[in-house]
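Just so you know, residue 1 is the first one in the sequence shown, and it goes up from there.
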Amino acid sequence: MVITKYLIKEILKTQVAISFILSFIFFSQKLVTILDDIINHDIPAHLIVSLLWLGCAKMVELILPLSLFFALLMTYGKLHNQSEIIAMYACGVSKTRLIKVALFLAALTSFFATINVFYFSPWSVKHEKQLINEERVNPSLSALVKGQFQSSPDGKIVLFIKDIQNKKFHKIFLAQRESNQIQRPTVVVANSGYISAPASGIQLLTLNNGMNYEGIPPLGDFRITYFNHYQAVISHKSVTKNSNTAQQMSIGPLWEANDPDTRAELHWRLTLIVSVVIMAFMAVPLSQVHPRQGQVLSILPAMLLYLIFFLLQSTLRSNAGNNRLDPLIWLWFVNGIYTILAIILNIWDSSTLRRLYTKLRKTL
């Protein structure tokens, strides 16, 4: 019991440390993607924190199995390298104890992975899409950038603000193209202005001390209006909520749906859960360190097997979503192959297999 607690404690400490490192890596990758979208004007800059927070659940999908796998490799590898495992074997602790500890931690990690992939992850994807769509249709004050020409999503309105201080605009240029045969193009320039929200779902634009030019340049028919206060109502457009995509579905709708993409998503999520147990089971024999090779070189085959597994499963999930193959067959075929491989690796150097080998030699 003391040895079991010691092993669990050492593995958990390593898993937490690895999780922090992986979180930093995945956060950096997500941040680079968001910054690229901001540079290309796909999303406003003020959504960085919100998108990073909502992206945590998708990161955890990959962090949980990978952190436990590396924690088992590094902890058991260190114990092998320091001859602590050999001392445990000499005291009567069998390899089965190591496997039970790994499977216990795998079951614990799988529990959190199940909650994440079936509830938190689809919720975060759904709200991330809604947040981006809402901001594109109804840009807020924080989305306005001073010193740059900005156009509306439909391209009919162009806005330039020289400076923004305390939520007030200074030196404003607003151009609106004709939207129909009756309304003519207009250009509005003003010294100052601001946006307010007097009612729910409505934004009110107020401009002070400016001029309104209305007309078509080639015709020379212009109407020029001087104003002290100019107000325009910016109506709030409703965003169509599309929660039918596979990544946004929770376990209930995902289980009932039968189209290729949802079936592929269902088996992919189940694979993310099962892979925690499979990889933990496989990590026990792969963590054995050969003294002449060193710990880093010894875990290279394990890292390669892990990489092949997830690259292969990711490719199969993509093809299954396009209805090119059956996810029930192919994704679980790979899971089965890795499970059999894990069993073989665990019994390869066991006393039972050695006794069987000895009996076969005597028989032959």
Side-chain angles (χ1 to χ4, degrees), residues 18-67 70 116-117 120-164 167 169 173 175 195 203 234 237-249 261 264-265 268-269 272 303 306-307 310-322:
I18 293 174
S19 297
F20 276 110
I21 297 173
L22 292 175
S23 299
F24 176 76
I25 295 173
F26 282 105
F27 258 93
S28 301
Q29 183 182 15
K30 180 70 174 180
L31 181 60
V32 169
T33 304
I34 295 174
L35 291 177
D36 182 63
D37 291 336
I38 292 174
I39 293 173
N40 294 327
H41 303 289
D42 291 333
I43 57 175
H46 70 281
L47 294 182
I48 291 180
V49 177
S50 299
L51 294 178
L52 280 175
W53 174 252
L54 290 173
C56 288
K58 296 299 292 183
M59 301 178 197
V60 171
E61 287 184 356
L62 300 177
I63 290 175
L64 284 177
L66 185 57
S67 63
F70 275 114
N116 180 67
V117 299
F120 290 145
S121 183
W123 179 88
S124 66
V125 172
K126 180 179 179 180
H127 282 75
E128 181 179 351
K129 298 295 183 183
Q130 289 180 3
L131 183 64
I132 294 175
N133 292 336
E134 176 73 23
E135 196 62 38
R136 287 175 178 173
V137 175
N138 302 293
S140 61
L141 174 63
S142 55
L144 300 177
V145 181
K146 63 180 181 181
Q148 293 184 10
F149 285 94
Q150 296 176 277
S151 60
S152 61
D154 56 6
K156 294 181 180 180
I157 298 177
V158 177
L159 177 66
F160 176 85
I161 302 173
K162 185 177 181 181
D163 192 19
I164 302 176
K167 297 184 179 180
F169 311 148
F173 172 86
I195 291 180
Q203 292 178 323
I234 306 175
K237 300 177 183 178
S238 61
V239 180
T240 303
K241 296 182 180 180
N242 182 17
S243 58
N244 294 324
T245 59
Q247 289 188 345
Q248 300 177 22
M249 290 183 179
D261 193 35
E265 180 68 17
W268 166 251
R269 294 188 194 179
L272 289 174
M303 296 172 61
Y306 188 95
L307 184 63
F310 273 96
L311 287 178
L312 185 58
Q313 292 287 45
S314 179
T315 303
L316 293 175
R317 187 260 177 266
S318 178
N319 284 276
N322 296 325

A.B. asks: Evaluate side-chain contact (heavy atoms from CB on, under 4.5 Å) for W268 paired with L272, printing each intermediate quantity in order.
C.D. replies: CA-CA 6 Å; W268 166 251; L272 289 174; 3.6 Å; yes
A.B. asks: Just wondering, do E265 and M249 contact through their side chains at under 4.5 Å, heavy atoms?
C.D. replies: no
A.B. asks: Measure the CD-NE2 distance between Q248 and H127 for me, rounded to the nearest 0.5 Å.
C.D. replies: 10.0 Å
A.B. asks: If you round to the nearest 0.5 Å, how far is NZ of K129 from OG of S124?
C.D. replies: 11.0 Å
A.B. asks: Which residues pass the side chain to side chain contact (heavy atoms under 4.5 Å, CB included) test with F160, sequence neighbours left out?
C.D. replies: F149, K162, F173
A.B. asks: Tell me if the CZ atom of F310 is crowded by more than 12 foreign heavy atoms within 6.0 Å.
C.D. replies: yes
A.B. asks: Hey, could you give me the CG/CG distance between L64 and N116, rounded to the nearest 0.5 Å?
C.D. replies: 6.5 Å
A.B. asks: In chain order, what residues pass the side chain to side chain contact (heavy atoms under 4.5 Å, CB included) check against L66, with sequence neighbours excluded?
C.D. replies: L22, F70, Y306
A.B. asks: Determine yes or no for a side-chain-to-main-chain donor-acceptor pair under 3.5 angstrom, with S318 supplying the side chain and T315 the backbone.
C.D. replies: no
A.B. asks: Residues two or more places apart in sequence or in another chain: which of them pass side-chain hydrogen bond (donor to acceptor under 3.5 Å, both in side chains) with Q313?
C.D. replies: N335
A.B. asks: Hey, can you pull the donor-acceptor pairs under 3.5 Å for the side chains in residues 50-60, sequence neighbours left out?
C.D. replies:
from : atom 1 : to  : atom 2 : distance (Å)
K58  : NZ     : E61 : OE1    : 3.4

A.B. asks: How long is the straight-line distance from CD of E128 back to CH2 of W123, given to the nearest 0.5 Å?
C.D. replies: 11.0 Å
A.B. asks: Find the distance between CD1 (I63) and CZ (F26) and round it off to the nearest 0.5 Å.
C.D. replies: 5.5 Å
A.B. asks: Could you tell me the separation between the CG atom of L311 and the CG atom of L316, rounded to the nearest 0.5 Å?
C.D. replies: 11.0 Å
A.B. asks: So which heavy atom on G321 is nearest to which on A264, and how close?
C.D. replies: N-CB, 3.6 Å
A.B. asks: Decide side-chain contact (heavy atoms from CB on, under 4.5 Å) for D261 and R317; before the verdict, give the C-alpha distance in whole Å, the side-chain angles of both, and the deciding distance to 0.1 Å.
C.D. replies: CA-CA 9 Å; D261 193 35; R317 187 260 177 266; 3.4 Å; yes
